[in-house]
Each structure stands twice: as structure tokens, then as C-alpha cells.
Number of protein chains: 2
Amino acid sequence: MSTKALSIKDIAKKANVSITTVSFIINGKGVEKNISTAVIERIEKIIQEDGYKPNQVARSLRMGTSKIIGLIVEDISNPFFAGIARLIEDKAYKKGYKIIYSSTENQPGKTKELIDLFKSRQVDAYIIAPAEGARIEIEKLLLENKPVVLFDRYLPDLNVNYVGIDNFNASYNAVKQFVKDKRKNIALVTVDIDVEQINHRLDGYKQALIDHQMPFSAGLVIKMPFGQTKEETIDRLVQLFKSHPEIDAVLFATNYLAIGGLMALKQMNKMVNERFSVIAYDDGDVFKLHTPQISAVEQPLDEISDNIINLIFQQISAKEQLAPQQIILSGRLIIR
Amino acid sequence: MSTKALSIKDIAKKANVSITTVSFIINGKGVEKNISTAVIERIEKIIQEDGYKPNQVARSLRMGTSKIIGLIVEDISNPFFAGIARLIEDKAYKKGYKIIYSSTENQPGKTKELIDLFKSRQVDAYIIAPAEGARIEIEKLLLENKPVVLFDRYLPDLNVNYVGIDNFNASYNAVKQFVKDKRKNIALVTVDIDVEQINHRLDGYKQALIDHQMPFSAGLVIKMPFGQTKEETIDRLVQLFKSHPEIDAVLFATNYLAIGGLMALKQMNKMVNERFSVIAYDDGDVFKLHTPQISAVEQPLDEISDNIINLIFQQISAKEQLAPQQIILSGRLIIR
DNA sequence: GTTCTATACTAAAACGTTTTACCGTTCTCA
DNA sequence: TGAGAACGGTAAAACGTTTTAGTATAGAAC
């Protein structure tokens, strides 16, 4: 049976003082609370030697805070989210906070479940890449005045902190690049979920076509159902390329779609070259190592996570309610 | 100000019963504890309507368990760990458990910090890919009889649950494949950390050379310092390939080393072809999409995480101490 | 020699649960 | 008819902290 951990009571008994005194010292309030330096040192020594660590659960219960930040993403194994998670974890850790995370897999119900779960664990703040149907839950958090920062995906007309990139312009510039390269039939492969981020990627594509006097053809826009297998994605794209041999450029709205696309091309023995270009969202080693190298819209992970963490800590330490900020960074089009 | 969440007391008051009764009902012990079905239904209705969720922190404090599993890896943004994390999270969630994770970045001190932190949050079980210097901390956990499963990296002569692949044979087979392909100068690029997993990858390489009557040349084994930047890795490998033009095959002991290696080759305009082969540890999209495709030792993520979770839950639900199990799966050599 | 202030510390409540031990009724049946 | 069992609940302690509102003593000030 696991030996019980030391409690503040044990330390108090051993030192012949009250638990109040020990508590003050643990929390660095010894001097402020008029505890003699002799006692302070004695207790600190005992704590040190016995390796006493305060029980955070008890502390949470009493204080109503947990020093835990909840992170909700679609899929932690997606390199974009994993990268953000790593950076956020690191920065949070330095301020004494831990991350507890979950993937929603884009299931509407799961967001609610997760938020409830996090709430019941008294997490201090929420970082969320919201899936469809997350709106009401997030509104509730806001009503309860919890620190919340959304990222990657924005919920329109919800007055909430947000960090993301300018997807409209990123798409726009990608298409502009295609036009500059004399591409005539530019396809967009995107995903069939109704979130602003994804919609803007489509809007930017459309607007760029208009501005460059190119026709919009519905047949060149593919909306993949979310959650389909990689094989399905590949099959679907093979079909697309076969039935539309005129396509000479493709913009992929997510990194996994781009990967699927490149696999489809490989399978068909179709080359990316001077007559067929590709641009992917979210840069990665895959694209750098591909032959030929693939152009990409790079999201600045470091900048994004910096901003997220700053917003979170601003809110955590704020006395009164802060006005939500929307931080829009720009994606960098890397042309290869 | 955030409106306070409902407590069991509120529900009890509203229903005119004691909190004991409510607690019994919440925990499905209503019938067993002789609460009338009338009362049970009434309370359940109130709970439902008011959306009451028990405070897990209070529950943890009282029960000493948290329904949280701690996951400690080297770097959550490494696709291998991210993939495992995702799968484990999913399986744990289905049993009502959450994951709280952290990256050690291979800093010896950090493992201790993290374990202490997890302990003070009363996590119910530990899943750890141990970094160097983690041994004593893990021994302590074992003494305290906490459920622990190590994965990826094994600590020799520590009697503890472990799930991993047979690194010796994986390396051995990789080299064997090179020999079959008539390679004469086979290099190993590995990392300079002293963990069994990494050592076995080296041992398998050596043994395969011996068994095939090939000379072992220390100059063909590169141990990269852990934590060096990608650029440093690339530079170092460029040097290697330049100073050892005789090399005609390379086994990379980790996925990020392989990626660095491919970048080095790309930079040098050196091709992977019939006269120069590469095998990487941990398969990934990068290798499938590379031209030519890169052979890899695939670790069976699904199988690994299944085994981890099973071991964890076996321990959590066991009444008495279980004998630790070492589960060694085989890596699959994918020849491309 | 009283009052005031500073010093050095502590008792006890509170956070929201779970669980043990108990208390009244009403039935059952010898 | 009266003893035990079954029924339907409840009071209160405990988990390990933090924090408020003290207490007790010593010295300072007048």
C-alpha cells in the first residue's frame, strides 16, 4: 500500500508550531506575518529535509484555483497543434502552470464534455481551438468570466480573445502567386466544416480569382468531409485530378489535405513542376523534403503561442474584466 | 465575477434532503443504500435540470484519487510521442480518465519536478518515457506502489512495467537489409544519450556487422548531442558525408535525425538511389512522400498504446501488487 | 500604571465531497 | 405482543489546505 505523503500537519507537529505558521512560511508570508526568522529557518529546513510538497488538490479546493490551464484542440497529433501545445506548455510551465489537454476530434458534444470536465477540475483558464458547435459552451465560459483565448479558429461575432492568422490574405496571396506563375485552373481543396478560419481560406481564394478576372468554377473547389480516412482523401483527390485534367494549381487548406494530395499525385505519377503547382497550409518537414519542394503558408507557431500565453496571463492576473483582443498575425507564404 | 458553481449542498437544500442522500444518488448507490425510487428520481431530475456537476477537486481530496493519468515524454511535438499521446488520451477518456502531460526536454531535473508535481495533484498513474537520470524518481514511485508504465525507453534492471519495441533486432534487420543490397560501408547516426533503447539500436547494428563479416568502423557511427539545433545536425551530417564518401548506407536511430539527414543530402545534392540507401526509425509521411521513398522501421503506435493503457488499468484496478510485465513488440521494417 | 503598539504566533472555519455510524419507523412472525 | 429485520434516511468526521480573527506577551509612551 502506498505510504501516505506528508501533510502540513506532520510538519507542524514535528516543529512544534501550528499549521497556520507552516502555511504562512510555505507561502513566503513568514516575514509579513511576523514569524521569527529562527522559526522560519527551522521550518524551512524540516520541509527541505523531509521533502514535503503541499497537496495541490487541497490547495485548489480551498482557493478555487488550480494553476492548470486547459487546452482543447481538434487533434493533438496534428503537427500544428502539437507544436503549439509544446510551446504553450513550455511557457506556462515557467510561470508555474501546467497544461491539461484534450482532443475533440471535431465532435460537437465533446467540447461541452471537456469544458465541463475542466470546470469541475477548476482549471484557471481555457485555450481552445473551437470545433463546430462550441459556441454556446464558450459563451457560458465568458459569462462566468473565465479567462478564455481562442486560436486557429475564430467564432464570428463572439466578443472573445483570439489569436490567429489572416487566412483571407494568406489564401489570396497564394492564389495571386499561382496567377503570377500563369496558372489558369486553380483548385482549392478544403474541409467541410463551418468555421471562420476555413471559410476565410475559401473567401480569399474566391476574391483573388475575381480580382484577377478569372472564372470561379465550383468543380474546382473540393470540400472534404471531416474525419474521413487518409485513403478516402487520396481516392477522392485522384478522382478530382483525373476528371479535371485542366487543373494546373492546387491550394490545400490544411496540412493533412496537402499530404493526402501529394500522395494522390505520387500514386498517379503526376509531377509537381513548371506546369503544375501546389501550395499547402502549415509548413512542415514534409514539404521541405519533397521533390520538388512544396510552397507553403507558414503559420508562425512561436508568435501564436506567445500571444496566446500573454493574453491568458493578462486575464489571470487582471483585477477587472479586460476588453477582449483579436490578434491577427500574418501567415508567411514560402515560395519554393 | 464568476458565478459560483452549484454544490451538492445546493441540490440537497432544493430537494429537502441531506447531502448524504444526494451523494449516494450521484454515485449510483441510491438503491443499495435504500433510498426510495421517488427520491432518487426527484433528485436526478433536479441535477439534470440545474446542470450540476460534482466538484472533482473536492472528490479527489476526499478519495485520494483523481482519475488523471500523468504522461511524461521527452517532447510532445515529436510525432512519435504526439501519436502515442493521442491514442492514449482517447483510450483513457473512454474509461473516464484524463491525461495531464509534460515534456522533459531530456533535462534530468525536470523529470523529478514533474513527478513531484503530478504527485501533489494525486494523479492515479504514470506513463513515462524516461529521460536520463529518471531512475531514482521512478524507483520512488514503485516503492510507493503507484501504477507506472514506462515506454519507448527502458531502464535496465529496474523491475517495472515496460512497453517498447525490440530495438536490437530492428537495427539488426535494417543492417541485414543493407547487406543484402550489397552495401559495404554502413553508417549509423544516433543520439548521445545513455538509454537502453538507444544503446540497443547501436548493439543491433554492431552485431549485424559482425554476423556478416563486416568491419566495424568507429568513424561511421555518429552520436549527436541531444538538443542540438536542426541546423547543427545538418551541418554535422554534411561533414560526415563529405569526409566519408565511401558511405553507401545510413541507418538513422530517430525520426528527427533521419529528417536532418535527408536535408543534409538534399543540401549536398546527393541522391538516395541504387548506390546509396537510407533507413529511418519511426515511419512517417515524410518518408512515404520522399523521392525516392525512404525505408523505415515502423513502431506500431496502436499496439504500443493499447498495451500501455491495458497495463495501467490492470494496475489501477488490481487489489494487490501485480508482477511487472515487459512487453516487447517488434518494429516492422518497411522496405521501399 | 495604564494604554497602546508591535511582535509572535494560533484556533477554527471554510472549500465540496465521501463514508461511517447511527436513528427512527414500520413490518414480520413466533 | 414484542423482538428483530427491513426501510429510508441523516449527522458528522475526514481529506489538506488557506485565511480571518484572534490571543498573549513585551516594550513604549504618556
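What you see is a predicted model; the values in this text were computed from it and never measured. Letters A, B, ... are given to chains in the order of the sequence lines, protein chains preceding strands, and every chain is numbered from 1.
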- Nearest whole angstrom, please: distance from the P of C/dT10 to the CZ of A/Phe24. 10 Å
So, does [X] get its side chain near the phosphate of [N], meaning an N or O under 4.0 Å from OP1 or OP2?
{"X": "B/Tyr52", "N": "C/dG16", "value": "no"}
{"X": "B/Ser18", "N": "D/dA11", "value": "no"}
{"X": "A/Arg59", "N": "D/dT18", "value": "yes"}
{"X": "A/Ser23", "N": "D/dT17", "value": "no"}

Base, sugar-phosphate, or nothing: which does [X] touch, judged by heavy atoms less than 4.0 Å apart?
{"X": "A/Ile26", "answer": "nothing"}
{"X": "A/Ser36", "answer": "sugar-phosphate"}
{"X": "A/Val57", "answer": "nothing"}
{"X": "B/Ser7", "answer": "sugar-phosphate"}
{"X": "B/Asn55", "answer": "sugar-phosphate"}

- Message: On the six-membered ring of A/Tyr126, is A/Lys146 placed so that its NZ or CZ lies under 6.0 angstrom from the centre and within 45° of the ring axis?
- Response: no
- Note on the structure: Among the nucleotides C/dT20, C/dA14, D/dC7, whichever has the atom closest to the side chain of B/Lys33 is C/dT20
- Looking only at side-chain atoms of A/Thr20, point me to the closest of D/dT10, D/dT20, D/dC15. D/dT20
